Protein chains: 2
Amino acid sequence: MSTKYDIVKQEIQSRILDGTYQPHQKISSESELMKQFGVSRHTVRAAIGELVNKGWLYREQGAGTFCADRSLDNRSSSGVTQRNIAIITTFISDYIFPSIIRGAESFLSQHGYNVSLFSTNNDHENEKRILEKILTEPFDGVIIEPTKSAISNPNIGYYLNMEHQNIPYIMIHAYYEELEPLSITMNDEKGGYVQAEHLIQLGHTNIVGFFKTDDLQGVKRMKGFIKAHRHYGVTINPNGIVTYDSSDKVNKPIQTFMKLLDQGVKPTAIVCYNDELAISMLEVLREKNIRVPEDFSMVGFDDSLIGRLTAVKLTTIQHPQSKMGETAAKMIVDLIKEKNNQPKKTNNKVQSIIFEPSLIVRNSTKILEGKTVTTK
Amino acid sequence: MSTKYDIVKQEIQSRILDGTYQPHQKISSESELMKQFGVSRHTVRAAIGELVNKGWLYREQGAGTFCADRSLDNRSSSGVTQRNIAIITTFISDYIFPSIIRGAESFLSQHGYNVSLFSTNNDHENEKRILEKILTEPFDGVIIEPTKSAISNPNIGYYLNMEHQNIPYIMIHAYYEELEPLSITMNDEKGGYVQAEHLIQLGHTNIVGFFKTDDLQGVKRMKGFIKAHRHYGVTINPNGIVTYDSSDKVNKPIQTFMKLLDQGVKPTAIVCYNDELAISMLEVLREKNIRVPEDFSMVGFDDSLIGRLTAVKLTTIQHPQSKMGETAAKMIVDLIKEKNNQPKKTNNKVQSIIFEPSLIVRNSTKILEGKTVTTK
DNA sequence: TCCGATTTGTTCGTATGTATG
DNA sequence: GCATACATACGAACAAATCGG
């Protein structure tokens, strides 16, 4: 995999798949590629040779090398419907993802589809590699949880190519706004609002919020957090909002939280991006001998299993989990049907779905001492 | 047709067609061909390269170039290798399975394979449906966790058919004994032995054991449990061994355990089939105000995440989890390689792997009051 | 129609890396 | 350890086709 011609080959392949090279368009000449990659002509020719052999490019002596049009050539040759669905998530084994995947797998296998799994680890490079794979192989539909949905995505070209090749896809949890895709999401802003509202109604006024902001979910939950404070006229502590990324999710929130607890005016409650974070924070509080909920209240998000197993059962926001997976599966199957039966009446068109959040009150939140419950 | 490499190519082709080169026979080396035709090595390689691409020859570094066997060359219809691996587990989202799947997925996707997921919910009908699907579609290999491995399997025919069709498969966690397949397992009997031994060494003599016995793992752990008692000369309470199935795993163990706790001579410790059960039992004890480990000791199995998150951290048996998934993935890839390179020497044949269990002592076990620690 | 610049096609030489037996 | 054989990579030269002027 580390040979020079293979690198050149991969890169050219990427340019084809992400739409840089359109069908019948002339690609860079051999001498240009030599300069671009700093390799000899022999190496460039070896790379191009393999792609010509695969049918991705064709050469014309004297004219140049061109991108082939693979749109209607091969994939229906075998005649047999493959019925493959790809599910791309950021993580596979952690947290609530297994439940989502189970929901989707269960529905899809009942409807005769194979489910292939991919995880990006919230990294754009991995996402790219996976999208290349999906575009190269016969998938009938794709369910995607976007990678780093809050920031601009370098792989948009691949999604456009997917539309070109008429492969239906839907996004869950969040979506890339440029694409305006069909999606299944939570109302995350509302969720963040409800988290904060609950604590405010319990009398808390010094609440910290921790949000993972490389994904859109976190950005929106933060927005809701702020909105609730404004609505109830509670000022937000200047240090009261902490953001972090997937990359520093293990350490940064914990360390920042510890500092916040050591300062003069201590917060009395925390809104957590999700239950996973809440569990970490619970550990911090336990080490500092701060009792939950007597001394400190916390709200999680997602109603994950681990939040129900801990000594202190978490107050949290409900997440549809396996239901979301099933809904996504149903939607992608509908899209595939719609694609195949073009003459069919499109009376009930497939539409995006937004799940409304609801609060689940357990044992991690409590009325602040000396306060009475506020109601709207 | 007048180029040198084309002449070389034609000549080699002729030698294949007229039988000079028989299937799997080594053809002249590149340097020999250089002499024979008076051309450069590059030219020879270009000629051979085209024939390799057509599927008439195959090259093996260090060994030589060989004539391919095109007699039974069927599946080249699509030309493209699919590289699909199926993973069949009993459950997808629960417990330690996500970790196992992640380990396998990570390795396989790095090696260019797609991973398709199936779950049987430990039901033979589902298993049958999935096996039919796999036999019908182009999978290169299968990783299986057997369904109800302790009882006779009605789908053996499908596995035999898989062998017929030359689809490599391996089993994890357990295996159907009739098939004697390649497998990756725990030494479950040893595991059950270690669980019981630990409690016995802590002075416990009235230990109950709960085992799920529709899978072989449970049967073997139970065997180890009994063996440990015999070895240390501890008599087993007649009601001290409780077995249950996947179907009644939610209720039966809990109810039986409650009855045991209400009887005259109470047990002082429990060996659990796995951490999942242990967590349920912990809940029962909490409701009855029996403190762990002060009043009661318990040992789990699998070292699952949930066993580390509870208030009382479980003493348990280590399970390789994602490591097991990765090992399984590596093994299946080796098997596929072995299958494809028939002429290659099978010097290091793929072999079954058994992981040895080791005890992880945490906070759910304690020396029985009024006893001293026993050592072997 | 021809010219010249560009681009791919063929062929040689050489060197080093890596797997096999 | 050694010879053999294939794998990768660099450089150079000339041939053949294309395309704009």
Side-chain angles (χ1 to χ4, degrees), chain A residues 1-13 15-16 21 24-68, chain B residues 1-13 15-16 21-22 24-68 111-112 333-334 336-338 340-349:
Chain A
M1 281 298 204
S2 55
T3 61
K4 289 192 183 182
Y5 78 80
D6 216 278
I7 293 167
V8 177
K9 182 180 141 191
Q10 293 298 334
E11 173 57 25
I12 296 173
Q13 220 176 93
R15 290 182 191 175
I16 296 170
Y21 296 144
H24 302 301
Q25 185 190 325
K26 185 178 168 303
I27 74 164
S28 315
S29 73
E30 291 175 355
S31 52
E32 273 178 65
L33 292 169
M34 285 167 66
K35 276 182 223 158
Q36 285 176 29
F37 292 98
V39 297
S40 71
R41 177 144 176 247
H42 182 101
T43 306
V44 171
R45 280 188 67 75
I48 292 176
E50 294 205 356
L51 290 171
V52 168
N53 239 301
K54 268 215 291 186
W56 290 46
L57 299 175
Y58 59 94
R59 298 197 259 217
E60 281 184 19
Q61 188 176 162
T65 305
F66 302 85
C67 179
Chain B
M1 283 297 202
S2 56
T3 60
K4 288 194 187 181
Y5 78 79
D6 217 277
I7 294 167
V8 177
K9 182 178 141 189
Q10 293 297 335
E11 174 56 24
I12 296 173
Q13 222 173 95
R15 291 182 192 175
I16 296 169
Y21 296 143
Q22 292 291 321
H24 302 301
Q25 184 190 326
K26 185 177 169 301
I27 74 165
S28 315
S29 74
E30 291 177 354
S31 53
E32 273 178 65
L33 291 168
M34 284 167 68
K35 278 181 219 158
Q36 284 177 30
F37 294 96
V39 296
S40 75
R41 175 137 179 255
H42 189 103
T43 306
V44 171
R45 279 188 67 76
I48 293 176
E50 294 206 355
L51 290 171
V52 168
N53 239 301
K54 270 216 287 185
W56 291 48
L57 298 175
Y58 61 92
R59 299 196 257 217
E60 277 186 25
Q61 187 176 162
T65 305
F66 302 83
C67 180
H111 287 73
V333 168
D334 282 348
I336 293 166
K337 272 189 199 152
E338 199 177 75
N340 291 345
N341 303 351
Q342 290 152 342
K344 190 184 169 187
K345 271 202 309 187
T346 52
N347 42 3
N348 42 3
K349 218 184 161 196

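Side chains are part of it too, since the values below use all heavy atoms of this structure and drop only hydrogens, waters and symmetry mates. On a predicted model such as this, the values are computed, not experimentally measured, just so you know. Just so it is clear: chains get the letters A, B, ... in the order the sequence lines come, proteins before strands, and each one is counted from 1.
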In whole angstrom, give the distance that lies between atom CD of A/E60 and atom P of D/dA17.
-> 13 Å
Do the ring planes of A/F66 and A/Y58 sit parallel (below 30°), tilted (30 to 60°) or perpendicular (above 60°)?
-> parallel
B/K26 atom NZ: more than 12 heavy-atom contacts under 6.0 Å = yes
Taking the side chain as C-beta and beyond, is there a heavy-atom pair between A/Q13 and A/Q10 under 4.5 Å?
-> yes
From CG of B/N53 across to P of D/dA7 the rounded distance in Å is 13 Å
Using whole Å, report how far CZ of A/F66 lies from C1' of C/dT6.
-> 12 Å
Let me know the distance between CD of A/E32 and P of C/dT6, rounded to the nearest Å.
-> 11 Å
Would you indicate whether the side-chain heavy atoms of B/F37 and B/K4 approach each other to under 4.5 Å?
-> no
May I have the distance from A/L33 (atom CG) to D/dC10 (atom C1'), rounded to whole angstrom?
-> 17 Å
Examine D/dA7: is either OP1 or OP2 under 4.0 Å from a nitrogen or oxygen in the side chain of B/R45? Give yes or no.
-> yes
Would you be so kind as to tabulate the donor-acceptor pairs closer than 3.5 Å made by side chains of residues 43-52 of chain A, with sequence neighbours excluded?
unit_1: A/T43; atom_1: OG1; unit_2: A/S40; atom_2: OG; d: 3.2
unit_1: A/R45; atom_1: NH1; unit_2: A/E30; atom_2: OE2; d: 2.7
unit_1: A/E50; atom_1: OE1; unit_2: A/K9; atom_2: NZ; d: 2.8

Which protein N or O atoms sit under 3.5 Å from an N or O of nucleotides 12-19 of chain C?
unit_1: C/dC12; atom_1: OP1; unit_2: B/K4; atom_2: NZ; d: 2.7
unit_1: C/dC12; atom_1: OP2; unit_2: B/S40; atom_2: N; d: 2.9
unit_1: C/dC12; atom_1: OP2; unit_2: B/S40; atom_2: OG; d: 3.0
unit_1: C/dC12; atom_1: OP2; unit_2: B/T43; atom_2: OG1; d: 2.5
unit_1: C/dG17; atom_1: N2; unit_2: B/Q61; atom_2: OE1; d: 3.4
unit_1: C/dT18; atom_1: O2; unit_2: B/Q61; atom_2: OE1; d: 2.8
unit_1: C/dA19; atom_1: O4'; unit_2: B/Q61; atom_2: OE1; d: 3.3

Mind calculating the distance between OH (A/Y5) and P (D/dA7) to the nearest angstrom?
-> 9 Å
Within this structure, what is the CG-to-P distance between A/L57 and C/dG9, rounded to whole angstrom?
-> 11 Å
Spacing of A/I48 atom CD1 relative to C/dT8 atom P, expressed in whole Å | 7 Å
Look at the side-chain N and O atoms of B/T65 and state whether any lies under 4.0 Å from the OP1 or OP2 oxygen of D/dC6.
-> yes
Sequence-distant partners of A/E60, salt bridge (Lys or Arg N to Asp or Glu O under 4.0 Å), two or more places apart = none
